[in-house]
Amino acid sequence: MKTPLKGLKILDLSTLLPGPYASMLLADLGADVLRVESASRHDLVRGMKPQIDGQSAAFSYLNRGKQSLALNLKHPGAVGVISQLLGEYDILIEQFRPGVMSRLGLDYETLKQVNPQLIYCSITGYGQTGPYRDRAGHDINYLALSGAASHMGRKASGPAPMGLQVADIAAGSHPAVIAILAAVIGRQSSGEGCYLDISMADNTLALQALMVPGALNGGSDPEAEGNFLNGGGFYDYYRTADDRYISVGSLEPQFRQRLAQAMNIQDNPPLEDRQFKTLLQQKFSHRDLQSWCEQLAGLDICVEPVLTVSEAAQHPQFIARNMVVTRESGERQVDSALGFEKQPVRSAPLCGEQAEQIMRRLGYSRSEIETLRNDGLFD
């Protein structure tokens, strides 16, 4: 089962990260994804570095296996083209601010008249309702407003920016995919489509599954280094002699006991967590990371080195799992991690690469396409 979503056809009107990552996951599983994008206002991810054949490595990853139709959504003819496409593509993903699609004549209420089975997924920062619905935001803002940032980082220095876009992907892309696939299953029995309002801020609040319930029910608000999972205990990162770091997650008694023995720390009866943590830091600071990796490698104690991305790509675990693949062009990419049998990594489209092919499939002649091109429909 290499392509379990074969037959699903998705119009992706999104840019940047949350929507494209969601549609990439769907494309990896066999869905037919058509990007509808502007030729005059390029997706900013295209311009990131490094570049491979005129597009960034990040864009190539996020948009692999998709097709592209360049379309000026402000052109009077755009609504007609989208309406025709909905005869095939009955799932739509968009990431504009609330109200934009309505002004373009492409909102759910309008398009469901064209196809009542349409599944329409909007991914926004704050959702379609509430006082923040029209507010601009980024990953860091959703982490902040949802309370997540309040218990990240260190007490002394406060929250730290993350290189991983948790809100965009874990609270945007993934909920969108889950909701879309749930809607597909629901449509099979009801015959009806639906509207999905995915808020990254909402989902970031919901992600805090171990901390928010307590705070809502009489417990105190979580704070940086205030609990056993965010640096308040010995579950933490430790600097080694060569200014590298090693992670310690030895929470269970048997793991902690083995760790203490390996580090020559007297921990019976168990020391207070902060005292144990201080002793661990002292020990780790005396030798380099490689030395510690060699000593602890054979022990089952939940201790691993903090690797760079390049080091991770060369790690035997990820090599054994075929997680980094090399295309014929020489480009290296992270492969799908969704658990199905892997298929060859496909290329990402150039902007508008399949425009003529798609328009011809919709019934437009070459001369009609050329007239529309001259009129700015594909700008």
Side-chain angles (χ1 to χ4, degrees), residues 5-15 19-20 22-23 26-27 31-43 63 66-124 128 176 179-181 183-184 186-188 190-198 349-379:
L5 298 187
K6 185 176 182 180
L8 288 190
K9 305 195 78 169
I10 299 163
L11 281 184
D12 181 6
L13 279 66
S14 66
T15 59
S23 61
L26 295 166
D32 179 348
V33 178
L34 173 60
R35 281 181 60 95
V36 177
E37 55 183 321
S38 170
S40 58
R41 297 182 63 186
H42 280 305
D43 187 335
N63 294 285
K66 304 176 188 178
Q67 294 185 308
S68 171
L69 169 63
L71 206 61
N72 176 4
L73 295 180
K74 295 180 180 179
H75 189 282
V79 172
V81 174
I82 295 292
S83 296
Q84 286 181 273
L85 286 169
L86 292 180
E88 289 184 67
Y89 295 84
D90 56 6
I91 300 171
L92 184 148
I93 300 173
E94 65 92 7
Q95 199 177 292
F96 294 103
R97 288 204 213 182
V100 171
M101 291 292 275
S102 181
R103 291 195 293 273
L104 294 171
L106 297 171
D107 54 288
Y108 173 66
E109 293 300 324
T110 298
L111 296 184
K112 79 172 183 179
Q113 304 304 316
V114 177
N115 185 346
Q117 292 193 319
L118 176 65
I119 294 170
Y120 190 115
C121 180
S122 296
I123 305 173
T124 58
Q128 302 296 310
I180 287 169
L181 295 182
V184 169
R187 184 173 65 183
Q188 290 171 352
S190 70
E192 298 178 355
C194 65
Y195 181 76
L196 303 170
D197 174 8
I198 303 296
L350 299 173
C351 184
E353 184 175 346
Q354 286 77 31
E356 183 159 339
Q357 170 191 336
I358 291 163
M359 294 295 287
R360 290 295 300 274
R361 196 167 74 225
L362 293 176
Y364 291 85
S365 67
R366 291 187 186 278
S367 60
E368 288 174 323
I369 294 170
E370 190 59 31
T371 298
L372 291 170
R373 191 187 307 281
N374 292 335
D375 194 40
L377 178 61
F378 306 120
D379 289 346

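Side chains included, hydrogens not; waters and symmetry mates left out as well; all remaining heavy atoms used. We count residues from 1, following the sequence as given.
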Which atom pairs, donor and acceptor, lie under 3.5 Å between side-chain atoms of residues 372-379 and protein residues at least two apart or in another chain?
| residue | atom | partner | partner atom | Å |
| --- | --- | --- | --- | --- |
| Asn374 | ND2 | Glu370 | O | 3.3 |
| Asp375 | OD2 | His75 | NE2 | 2.7 |

Straight-line distance of [X] [atom1] to [Y] [atom2], nearest 0.5 Å:
X	Y	atom1	atom2	answer
Ile91	Asp12	CD1	CG	11.5 Å
Arg41	Cys351	CZ	SG	13.0 Å
Ile93	Ile10	CD1	CD1	5.5 Å
Leu118	Cys121	CG	SG	11.0 Å
Asn115	Glu88	CG	CD	11.5 Å
Glu356	Leu69	CD	CG	11.5 Å

[Y] side chain reached by [X] side chain, heavy atoms, under 4.5 Å:
X	Y	answer
Leu26	Leu181	yes
Ile82	Leu71	yes
Gln67	Asp32	yes
Ile358	Leu85	yes

Between Arg35 and Asp43, is there a salt bridge with N-O shorter than 4.0 Å? yes
So, Asp90 and Arg187, do they make that salt bridge, N to O below 4.0 Å?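 Looking at Arg187 together with Asp90, the answer is yes, because their closest N to O distance falls below 4.0 Å.
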Evaluate the criterion side chain to side chain contact (heavy atoms under 4.5 Å, CB included) for residue pair Leu86 and Leu11; output intermediate values, then yes/no. CA-CA 8 Å; Leu86 292 180; Leu11 281 184; 4.0 Å; yes
Shortest non-hydrogen contact between [X] and [Y], atoms and distance:
X	Y	result
Ser365	Arg360	C-CD, 4.2 Å
Pro20	Ser23	O-OG, 3.2 Å
Met101	Leu13	CE-CD2, 3.6 Å
Leu350	Glu37	O-OE2, 4.5 Å
Thr110	Gly105	CG2-O, 3.6 Å
Ile369	Met359	CD1-CB, 3.7 Å

Establish, from distance only, whether the side-chain atoms of Thr371 and Glu368 form a donor-acceptor pair under 3.5 Å.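 Per modelled atom types, Thr371 and Glu368 side chains form no pair under 3.5 Å.
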In sequence, state the C-alpha distance, the side-chain angles, and the governing distance for Ile119 and Val184, and then conclude on side chain to side chain contact (heavy atoms under 4.5 Å, CB included). CA-CA 8 Å; Ile119 294 170; Val184 169; 3.7 Å; yes
Got a donor-acceptor contact below 3.5 angstrom from the [X] side chain to the [Y] backbone?
X	Y	value
Gln354	Ser68	yes
Glu94	Ser122	no
Gln117	Gly191	yes

Residues pairing under ring-ring contact (aromatic ring centres under 6.0 Å, His included) where one sits in residues 92-116, two or more places apart or in two chains, turn out to be Tyr108-Tyr120, Tyr108-Tyr195
What verdict does the side chain to side chain contact (heavy atoms under 4.5 Å, CB included) test give for Asn63 and Val33, after you've listed the backbone C-alpha separation in whole Å, the side-chain angles of each residue and the deciding distance to 0.1 Å? CA-CA 9 Å; Asn63 294 285; Val33 178; over 6 Å; no
